[in-house]
Amino acid sequence: MVKRYWLFKSEPETFSIQHLMIMANQVSPWDGVRNFQARNFLRDDVKLGDGVFFYHSSTKETGIVGICEVVRAGYPDRTAFDPSSPYFDMRSTAEKPLWYCVDVKFVRKFSRVILLSELKQHLPTATMMVCRRGMRLSIQPVTADEWQAALKLAGK
DNA sequence: GCCAACGTTGGC
DNA sequence: GCCAACGTTGGC
């Protein structure tokens with residue numbers, strides 16, 4: 001089984017890499033995703049052991065802030081069942097879950113943010129989905145080449 | 001705060 | 001099944 005790579009977006013005000021770092025065992029569900037294309041990735045394609053870039057969006061410095069790892073593959077997102085959750089969706093039931101999540105574990109926080117502007121400037125990373133204008137998908141596949149190239153930028 | 005881009009909803 | 005209206009995302 002080939003290890004795959006992903007980029008997960010989050011608004012740091014809602015959930016940042018710092019939040020993940022202080023969770024028990026530094027593990028958290030990646031829940032609240034309410035977009036069908038992203039849901040399909042979480043349900044069908046994101047697998048145990050996959051690498052994930054943690055991306056901060058809608059903030060001063062938008063970009064990749066670190067790495068985490070998938071420690072549990074797709075399972076029903078329980079926030080959809082919880083009427084008190086902002087992510088509640090009455091269409092989703094235990095018998096027929098509509099929304100899915102995975103669990104991620106913190107691996108590393110970069111010493112600096114790899115800015116979106118940097119990703120766009122360098123060719124190996126400029127092909128990343130996140131660099132595309134108007135790209136709102138919050139769960140994005142990343143190629144092995146893009147992963148390596150972005151990691152290189154982090155080391156600079 | 002603006003607004004382009006896009007996903008979803010719902011009337012027909 | 002089309003598509004206009006609407007709501008949301010998210011960079012700038």
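Since this is a predicted model, take the numbers as computed values, not measurements.
- Under 4.0 angstrom from either OP1 or OP2 of dG10(C) there lies at least one side-chain N or O belonging to Lys9(A).
- Of the side-chain N and O atoms in Tyr55(A), one or more sit less than 4.0 angstrom from OP1 or OP2 of dG11(C).
- For the pair Asn40(A) CG and dG7(B) C1', the computed distance is 14 Å after rounding to whole Å.
- Rounded to whole angstrom, the span from the CD1 atom of Ile139(A) across to the P atom of dG10(C) amounts to 11 Å.
- A salt bridge between Asp45(A) and Arg4(A) is present, with a side-chain N of the basic residue lying under 4.0 Å from a carboxylate O of the acidic one.
- Residue Glu118(A) contributes atom CD, which lies 16 Å from atom C1' of dG11(C) at whole-angstrom precision.
- Counting only N and O atoms by type, the side chains of Thr143(A) and Asp145(A) include no donor and acceptor under 3.5 Å apart.
- Using a 4.0 Å heavy-atom distance criterion, Lys120(A) is classed as a sugar-phosphate-only contact.
- What separates CZ of Arg91(A) from P of dG10(B) is a distance of 9 Å, to the nearest Å.
- Of the possible donor and acceptor atoms, one in the side chain of Lys9(A) sits under 3.5 Å from a partner among the backbone N and O of Leu137(A).
- One interatomic measurement links the two molecules: CE of Met135(A) to P of dA4(B), which rounds to 19 Å at whole-angstrom precision.
- Rounded to whole Å, atom P of dT9(C) lies 13 Å from atom CD of Glu13(A).
- In this structure, CZ of Arg136(A) is placed 5 Å from C1' of dG7(B), rounded to the nearest angstrom.
- Note on Ser58(A): a base of the nucleic acid sits closer than 4.0 angstrom, heavy atoms only.
- Side-chain atoms of Thr79(A) and Arg34(A) form a donor-acceptor pair, as typed in the model, at a separation below 3.5 Å.
- Within the structure, a side-chain polar atom (N or O) of Arg133(A) is placed less than 4.0 Å from OP1 or OP2 of dA5(B).
- Ranking dT8(B), dG11(C), dG7(C) by closeness to the Ser57(A) side chain, first place goes to dG11(C).
- Aromatic ring orientation, Phe54(A) versus Trp30(A): perpendicular (interplanar angle above 60°, classes split at 30° and 60°).
- One can place NE2 of His56(A) at 12 Å from P of dG11(C), the figure rounded to the nearest angstrom.
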